[in-house]
Amino acid sequence: MPKLKRYYYQQENVVAVARDLLGKTLCTRINGKLTTGIITETEAYAGTNDKASHSFGGKRTARNEVMYAKGGRGYVYLCYGLHHLFNVVTNKENIPHAVLIRSLKPLEGIETILKRRRHKAVAKNTSGGPGTVSQALGISTELNGEDLTGNKIWLQEEGIKIIKQNIIAGPRVGVDYAGEDAELPYRFILKTF
DNA sequence: CGTACGATCTGCT
DNA sequence: GCAGATCGTACGA
């Protein structure tokens, strides 16, 4: 399975990328341990006009700086003081787009994943939210800004074939503060997972 | 410098 | 169903 190349991350339309990432494989090699999973749920955060995004209004701080880098890097930040959320930065021309990976189906390194997750829910198909995705693959803020074409964390082509009929779009989770933008159908879920 | 809070998860009731 | 965990960051004084 070939790695996604840099140009993949430099497409204009984040929402399209978020949809397209379904079925691709997210991989990490942390301390020599390889763990991978098929992406089953994503959310798009679109540029500076999206009230739900950290970059709304052109906000640019030490935390979200990497959103303004060229596409193809990871944006990892701490949420609620204990969850590391992983985003793929996808943009061209300094537009701060990102895709949050909300859920995975574990593929390789199941033993390691179970250990990291203290034998919790991952035994099933998906992990239960963006925090557990990071926990399962060993992602933490140390990987913030990491190049996604490198060998610590990367994405690969389809783990499975996706047909349109199996994709559900809906509003994003936990962004009520974003007013009308909270309604946007920027969340994509693979049915049957 | 102080304070409030978040793109959440878990375990207990 | 609900509260507690837990702390870096943002923002105002």
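The basis for the numbers below is simple: all heavy atoms, side chains too, and nothing from hydrogens, waters or symmetry mates. In what follows, chains are A, B, ... by sequence order, proteins preceding strands, each numbered from 1.
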A.B. asks: Does the side-chain ring of A/Tyr80 sit on the six-membered ring of the C/dA5 base, less than 5.5 Å centre to centre and under 30° in tilt?
C.D. replies: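 Stacking between A/Tyr80 and C/dA5: absent.
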A.B. asks: Return the nearest nucleotide to the side chain of A/Met67; candidates are B/dA7, B/dT8, C/dA10.
C.D. replies: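 Minimum distance to the A/Met67 side chain belongs to B/dA7.
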A.B. asks: Side chain of A/Leu82 only, please: which of C/dG8, C/dT6, C/dA10 is the nearest?
C.D. replies: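 Within the option list, the nearest is C/dT6.
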A.B. asks: In whole angstrom, give the distance that lies between atom CZ of A/Phe86 and atom P of B/dC9.
C.D. replies: 16 Å
A.B. asks: Under 4.0 Å between any heavy atoms, over every strand shown, what does A/Leu78 touch: base, sugar-phosphate, or nothing? Just pick one.
C.D. replies: sugar-phosphate
A.B. asks: Which nucleotide wins on minimum distance to the side chain of A/Leu85, given the candidates B/dT10, C/dG8, B/dT8?
C.D. replies: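 Looking only at side-chain atoms, A/Leu85 lies closest to B/dT8.
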A.B. asks: To the nearest Å, give me how far apart CG (A/Asp176) and C1' (B/dG6) are.
C.D. replies: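 A/Asp176 atom CG is separated from B/dG6 atom C1' by 12 Å.
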A.B. asks: When you measure from the side-chain N and O atoms of A/Arg63 to the phosphate of B/dG6, is any distance below 4.0 Å, counting only OP1 and OP2?
C.D. replies: no
A.B. asks: Compare side-chain N and O positions of A/Thr61 against OP1 and OP2 of C/dT9 and report whether any pair is under 4.0 Å apart.
C.D. replies: no
A.B. asks: Is the phosphate of B/dA7 approached by A/Tyr177 (side-chain N or O, under 4.0 Å from OP1 or OP2)?
C.D. replies: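 Result: yes.
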A.B. asks: Now, which nucleotide makes the Watson-Crick or G-U wobble pair with C/dC7, with each of the two distances under 3.5 Å?
C.D. replies: B/dG6
A.B. asks: Looking at A/Arg187, I'd like to know whether one of its side-chain N or O atoms comes within less than 4.0 Å of OP1 or OP2 on B/dA7.
C.D. replies: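 Result: no.
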A.B. asks: Among A/Val14, A/Val175, A/Val99, find the one that has a side-chain contact (heavy atoms from CB on, under 4.5 Å) with A/Tyr45.
C.D. replies: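 Among A/Val14, A/Val175, A/Val99, the one meeting side-chain contact (heavy atoms from CB on, under 4.5 Å) with A/Tyr45 is A/Val175.
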A.B. asks: In this structure, how many angstroms lie between the C1' atom of C/dT9 and the CZ atom of A/Arg60, rounded?
C.D. replies: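 About 17 Å, once rounded to whole Å.
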A.B. asks: Please check if A/Val66 and A/Phe86 belong to a single hydrophobic cluster, counting links between Ile, Leu, Val, Met, Phe, Trp and Tyr side chain heavy atoms closer than 4.5 Å.
C.D. replies: no
A.B. asks: Can you measure A/Arg172 atom CZ to B/dT8 atom P for me and round it to whole angstrom units?
C.D. replies: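 It works out to 12 Å between those atoms.
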A.B. asks: Write down the distance between OH (A/Tyr77) and P (C/dC7), rounded to a whole number of angstrom.
C.D. replies: 17 Å
A.B. asks: I'd like to know if A/Glu41 pairs up with A/Arg187 as an ion pair, taking the criterion as any Lys NZ or Arg NE/NH1/NH2 lying under 4.0 Å from an Asp or Glu carboxylate oxygen.
C.D. replies: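 A/Arg187 and A/Glu41: salt-bridged.
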A.B. asks: Would you check if the side chain of A/Lys70 reaches a backbone N or O of A/Arg6 as a donor-acceptor pair within less than 3.5 Å?
C.D. replies: no
A.B. asks: Nearest whole Å is fine: how far is C/dT6 P from A/His83 NE2?
C.D. replies: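 Roughly 11 Å, once rounded to whole Å.
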A.B. asks: Run the salt-bridge test on A/Lys51 and A/Glu180 with the 4.0 Å N-O cut-off and return the result as yes or no.
C.D. replies: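 Salt bridge between A/Lys51 and A/Glu180, a charged N being under 4.0 Å from a carboxylate O: yes.
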A.B. asks: Please give, in whole Å, the distance from C/dG8 P to A/Glu142 CD?
C.D. replies: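 Computing the A/Glu142:CD to C/dG8:P distance gives 13 Å.
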A.B. asks: Taking only N and O in the side chain of A/His54, is any of them less than 4.0 Å away from OP1 or OP2 of B/dA7?
C.D. replies: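 True: A/His54 side-chain N/O within range (under 4.0 Å) of B/dA7 OP1/OP2.
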A.B. asks: Once you round it to whole Å, what is the distance between P of C/dT9 and OH of A/Tyr75?
C.D. replies: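 So the OH-P distance, A/Tyr75 to C/dT9, works out to 10 Å.
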